[in-house]
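For reference, the structure discussed in these notes is given below.
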Number of protein chains: 2
Amino acid sequence: MTAVLVIEDDDRIRLALLLALEDEGYDAVGAATAEEGLRAQRRDPADYVLVDLMLPGLDGFECIGQLRRDDDVPIVVISARDDTHDIVAALEAGADDYLVKPVAIKELTARLRALRRRARTGFGESASDRVPVLAFGELEISPDAGEVSRGGQPVAVTRTEFRLLCELAEHAGRVLSRQQLLQRVWGYDIGDERLVDVHVGRLRQKIEPDPTNPRHLVTLRGLGYKLQR
Amino acid sequence: MTAVLVIEDDDRIRLALLLALEDEGYDAVGAATAEEGLRAQRRDPADYVLVDLMLPGLDGFECIGQLRRDDDVPIVVISARDDTHDIVAALEAGADDYLVKPVAIKELTARLRALRRRARTGFGESASDRVPVLAFGELEISPDAGEVSRGGQPVAVTRTEFRLLCELAEHAGRVLSRQQLLQRVWGYDIGDERLVDVHVGRLRQKIEPDPTNPRHLVTLRGLGYKLQR
DNA sequence: GGATCTATGACAGTTGCGTGACAAATCAGC
DNA sequence: GCTGATTTGTCACGCAACTGTCATAGATCC
């Protein structure tokens, strides 16, 4: 069954949504705060997340950001605010759709279905010859095409940088030690680990908006590097 | 450049949309009727299609159906009608999103970007690329990701602290003596057992809500430490 | 109340990381 | 092949963060 996580602090609205979703045949779970929702999603990932923007503690935008960091789950914002600014900000943060309260349950489920259909289909070329693309926020990597882009703009990376990036992307969210990277990217059994630093540094100059404060290609001191959403 | 086809019979609205889209860096083309739009799309496919519902001749719903028959192009409906029925019908017919006039251009483009991102990413991560997490109440440890979080909020721990925590987490609920920890975390055969205390203390500062009254990382006097739920 | 075990703060030495400079190697265009 | 441009690997330096030691204070047991 399709599972939906509803992150909404207002008990009545949350309950109403949960009941309505269950009526529609979804397996719905509620969370009253962003923190609770994030935890629930980590432990037992739902297929969709609905999130309110105004939450106590961690707000909706941050919640979306956190969800997107380690998950591709479709996120639909359900908010009382219909300001263009909020809508744009939420979508940019990683939300897939934005509905203004009060929401009609039929519309909501229709939108969930549309979202699923779109995600399955992809677009551009026909499904068969579509190049797989790994996405990390505004960063996109297509290993087959040998292309990297940030926010739709192509980024020129060298071969070594590209291999390094692919290796990290393949194990997205996981730490790779310098040794592992040397092994996999360069084929060295032993070698100077600083070499990895240098290339990571160069890569960051190209793919990170603020290379000094990397958001995707992060260092885990003493452990290695990892690529995250 | 990204091309957008706008199918809208009202000249003023169509023109306004075209201009606004071009301002935003899109390559926008207009069509006044469904037939004209379909022809244009067949001849020179755009990356997105915006379509009005109330069109002379072939109406919007049918237009969507026709578009969908031979194309995966993302379709966004832009309509004056905000009736749930219409919205659901349009989405079911194959539209990807539905905006009610008047539309804010910023919102429109944000939605186009969201759509593109989703289509590229797809979803439904396979279980294999989900990073495993060990949970202890609100405390979460992901050895692979090199991450620790409390209540969904990431906590920065050092390498030694991380190793220590993982060691304890691996044997959750069991006491580990200082000797065992020294052995496993530091590789020391002999060494000052106080060292363990110091690191446990530092770890508690970071992961325990009230470090003086630890709930998870507890001391067993004379025996050692253990991590519990 | 004394003995033993544990917590914690301060501190200096060490380690790890990012970066710029540079030379060797490789590539592209002719 | 030649030449200039790009890419790659090496090195050294400096900063920031981490580690281990110690001393002292506190807790616990009998």
Side-chain angles (χ1 to χ4, degrees), chain A residues 146 148 154-168 175-227, chain B residues 146 148 154-168 175-227:
Chain A
V148 179
V155 176
V157 296
T158 70
R159 193 177 32 181
T160 325
E161 285 159 10
F162 187 69
R163 284 216 205 114
L164 176 59
L165 188 55
C166 286
E167 199 55 50
L168 287 161
V175 202
L176 293 177
S177 70
R178 289 162 221 281
Q179 275 306 327
Q180 287 176 307
L181 289 169
L182 269 178
Q183 172 70 48
R184 298 180 187 203
V185 177
W186 284 269
Y188 291 4
D189 269 349
I190 56 157
D192 189 3
E193 301 195 341
R194 324 267 75 251
L195 176 56
V196 181
D197 298 19
V198 174
H199 278 90
V200 165
R202 288 174 182 157
L203 203 40
R204 287 214 260 243
Q205 294 296 328
K206 300 183 179 179
I207 63 171
E208 290 282 357
D210 175 10
T212 346
N213 278 54
R215 293 180 47 226
H216 299 299
L217 211 179
V218 298
T219 305
L220 295 174
R221 199 185 162 84
L223 299 175
Y225 297 99
K226 84 172 168 183
L227 192 65
Chain B
V148 179
V155 177
V157 296
T158 70
R159 180 181 41 177
T160 321
E161 287 158 10
F162 186 68
R163 290 219 193 111
L164 177 59
L165 187 55
C166 286
E167 200 55 51
L168 287 161
V175 203
L176 292 176
S177 71
R178 293 180 171 68
Q179 274 306 327
Q180 286 176 305
L181 289 169
L182 269 178
Q183 172 69 47
R184 297 179 189 210
V185 177
W186 283 268
Y188 292 3
D189 269 349
I190 55 157
D192 189 2
E193 300 195 340
R194 310 281 101 238
L195 177 56
V196 180
D197 299 19
V198 174
H199 283 277
V200 165
R202 287 175 182 156
L203 203 39
R204 280 187 183 141
Q205 295 296 327
K206 299 182 180 178
I207 63 170
E208 291 281 358
D210 175 11
T212 352
N213 275 52
R215 293 179 46 222
H216 297 118
L217 211 179
V218 297
T219 306
L220 295 175
R221 195 184 163 84
L223 298 174
Y225 299 98
K226 84 170 170 183
L227 192 65

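Chain letters run A, B, ... following the sequence lines, proteins first, then strands; residues in each count from 1.
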Side chain to side chain, [X] and [Y], heavy atoms closer than 4.5 Å:
{"X": "B/Val200", "Y": "B/Thr219", "answer": "no"}
{"X": "B/Glu208", "Y": "B/His216", "answer": "yes"}
{"X": "B/Gln180", "Y": "B/Arg184", "answer": "yes"}
{"X": "A/Asp197", "Y": "A/Arg178", "answer": "yes"}
{"X": "A/Trp186", "Y": "A/Leu195", "answer": "yes"}
{"X": "A/Tyr225", "Y": "A/Leu164", "answer": "no"}
{"X": "B/Lys206", "Y": "B/Thr158", "answer": "yes"}
{"X": "B/Lys226", "Y": "B/Leu176", "answer": "no"}

Determine, stepwise, if the pair B/Arg159 / A/Arg221 fulfils side-chain contact (heavy atoms from CB on, under 4.5 Å).
CA-CA 7 Å; B/Arg159 180 181 41 177; A/Arg221 199 185 162 84; over 6 Å; no
With no hydrogens and no angle check, is any side-chain donor or acceptor of B/Arg204 less than 3.5 Å from a backbone partner on B/Pro214?
no
Is A/Gln205 reaching over with its side chain to a backbone N or O of A/Arg202, donor-acceptor style, under 3.5 angstrom?
no
Over the length of the helix from C/dG1-D/dC30 to C/dC30-D/dG1, how much do the five-pair end axes diverge, rounded to 10 degrees?
50°
Going 5' to 3' along DNA chain C, which are the first and last nucleotides with any atom under 4.0 Å from a heavy atom of chain A?
C/dT15 to C/dC27
In this structure, how many angstroms lie between the [atom2] atom of [N] and the [atom1] atom of [X], rounded?
{"X": "B/Arg204", "N": "D/dG26", "atom1": "CZ", "atom2": "C1'", "value": "14 Å"}
{"X": "B/Glu161", "N": "D/dG20", "atom1": "CD", "atom2": "C1'", "value": "13 Å"}
{"X": "A/Leu164", "N": "D/dT8", "atom1": "CG", "atom2": "C1'", "value": "13 Å"}

Every protein N/O within reach of nucleotides 27-30 of chain D N/O, cut-off under 3.5 Å:
| from | atom 1 | to | atom 2 | distance (Å) |
| --- | --- | --- | --- | --- |
| D/dT28 | O4' | B/Arg221 | NH1 | 3.4 |
| D/dT28 | O2 | B/Arg221 | NH2 | 3.2 |

Within residues 193-203 of chain B, residues whose heavy atoms come under 4.0 Å of DNA chain C:
B/Arg194, B/Asp197, B/Val198, B/Arg202
Inter-residue atom distance [X].[atom1] - [Y].[atom2], 0.5 Å rounding:
{"X": "B/Leu168", "Y": "B/Leu203", "atom1": "CG", "atom2": "CG", "result": "8.0 Å"}
{"X": "A/Leu182", "Y": "A/Asp192", "atom1": "CG", "atom2": "CG", "result": "8.0 Å"}
{"X": "B/Ser177", "Y": "B/Leu220", "atom1": "OG", "atom2": "CG", "result": "11.5 Å"}

Scan B/Tyr225 against the nucleic acid and name what it touches under 4.0 Å (heavy atoms): base, sugar-phosphate only, or nothing.
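B/Tyr225: backbone/sugar contact only, no base atoms under 4.0 Å.
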Using a cutoff of under 3.5 Å, can you pull out all pairs of nitrogen or oxygen atoms linking the protein to nucleotides 3-6 of chain D, with atom names and distances?
none

Test salt bridge (Lys or Arg N to Asp or Glu O under 4.0 Å) applied to B/Arg163 - qualifying residues, sequence neighbours left out
none
Phosphate contact (D/dG20 OP1 or OP2) by B/Trp186 side-chain N/O below 4.0 Å:
yes
